[in-house]
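Here the structure comes first, spelled out in structure tokens, and everything after it is commentary.
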Amino acid sequence: MSQLYDFFTGRPTEMIARELLGKTLIYHTPAGTISGYVTEAEAYLGPNDSAAHAYAGKRTPANEALYREPGTIYIYSIHGRYSFDVATQAAGTPEGILVRGLEPAEGISLMEQNRAKHGFELTNGPGKLMEAFGINDKALNLVHLDDAPLTISLTGKEPQEVGESPRIGVSQKGDSTFLPLRYFVKGNPFVSGMRKRDMDLVRHGWQ
DNA sequence: AGCATGATTGACT
DNA sequence: GTCAATCATGCTA
């Protein structure tokens, strides 16, 4: 199996989400290459996780990607936006990781064009980073990272310190609501909701 | 009808 | 400039 396939299985999804911080998300477009380092990610733990799309074994055409091979792209829409997930664990085990923040690396001018914003507002949220990448449909849903123009490089940066918190926007009911399954690079300004006084403007929280 | 969201507003400092 | 509250948004079931 491929390197990416192996990366997204073999240990708990919480651990994979944490290790995903600092890895590079890369998108090859006709206009040029866009990439960024993952600053924020959340783990969703499938049937037993009351906040997960696959809670209680729920399976629909929309969340089918969660049930596929590790490293399968799961794109879903919410509130008229698109978000980017990667399926983790063996096929049939519907766990996954939501990427909520990126620090831009390549193609910054393309992202500014796509978003009509600049600076930290470019990619500090799940819908924002998809808009910055120019992704506004589900064409890549169900495609594996190994076979798509959108992929992840396991090289990148190393966080100085990883922060944890409950996940953002999960409805306030169910046992899993308050589990600390959100991981972020402490001090990085491209993390959603990062307050200015908590930002590390020198190293952005990287080693 | 219900959301794993984001932009804007308006009261603060 | 910061922060919390509010609501427009469009896809999914």
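Below, chain A is the first sequence line, B the second, and so on; all start at residue 1.
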Calculate the interatomic distance between [X] atom [atom1] and [N] atom [atom2]; express it in whole Å.
X	N	atom1	atom2	result
A:M199	C:dG1	CE	C1'	12 Å
A:K138	C:dT12	NZ	C1'	8 Å
A:R197	C:dT2	CZ	C1'	8 Å
A:R195	C:dT2	CZ	C1'	10 Å
A:R81	C:dA8	CZ	C1'	9 Å
A:L129	B:dT5	CG	C1'	12 Å
A:E42	B:dT5	CD	C1'	12 Å
A:E121	C:dT2	CD	P	11 Å

Of the options [options], whose atoms approach the side-chain atoms of [X] most closely?
X	options	result
A:Y74	B:dA4, C:dC11, C:dC3	B:dA4
A:T60	C:dA13, C:dG1, B:dC3	C:dA13
A:V170	B:dC3, B:dA4, C:dT12	B:dA4
A:I168	B:dT5, B:dA4, C:dT12	B:dT5
A:I78	B:dA7, B:dC3, B:dG6	B:dC3
A:A62	C:dA13, B:dA4, B:dC3	C:dA13

Base partner of B:dC3, which must satisfy Watson-Crick or wobble distances under 3.5 Å: C:dG10
For B:dA11, the Watson-Crick or wobble counterpart (both distances under 3.5 Å):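 By the stated definition (distances under 3.5 Å), C:dT2 pairs with B:dA11.
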With a 4.0 Å cutoff (strictly under), does any side-chain N or O of [X] reach OP1 or OP2 of [N]?
X	N	value
A:H53	B:dA4	yes
A:K128	B:dA7	yes
A:S83	B:dA4	no
A:K117	B:dG6	no

Chi angles and distances behind the ring pair (Phe, Tyr, Trp, His ring centres under 6.0 Å) call for A:H53, A:Y44: CA-CA 8 Å; A:H53 287 172; A:Y44 285 87; 7.0 Å; no
Stacking of A:H79 on B:dT5 base (centres under 5.5 Å, planes under 30°):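 Yes, A:H79 stacks on the base of B:dT5, since the ring centres sit under 5.5 Å apart and the planes are within 30°.
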Base of B:dA4 and ring of A:Y76 stacked, centres under 5.5 Å, planes under 30°: no
[X] versus [Y]: any side-chain heavy-atom pair under 4.5 Å?
X	Y	value
A:L150	A:F133	yes
A:T39	A:N124	no
A:F190	A:E40	no
A:T72	A:V143	no

Lys NZ or Arg CZ of A:R100 over A:F84 ring: under 6.0 Å, within 45°: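 That pair does not qualify as a cation-pi contact.
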Face-on cation placement of A:R11 at A:F8 ring, 6.0 Å and 45° thresholds: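 No - A:R11 does not lie over the ring of A:F8 by the 6.0 Å and 45° rule.
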Residues in contact with DNA chain B, drawn from residues 97-116 of chain A - heavy-atom cutoff 4.0 Å: A:L98, A:R100, A:R115
Neighbour count >12 (heavy atoms, 6.0 Å) for atom CG, A:D137: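 Yes, because the 6.0 Å sphere around CG of A:D137 holds more than 12 heavy atoms from other groups.
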Nearest-nucleotide comparison on DNA chain B, the residue closer to the 5′ end among A:G169 and A:E131: A:G169
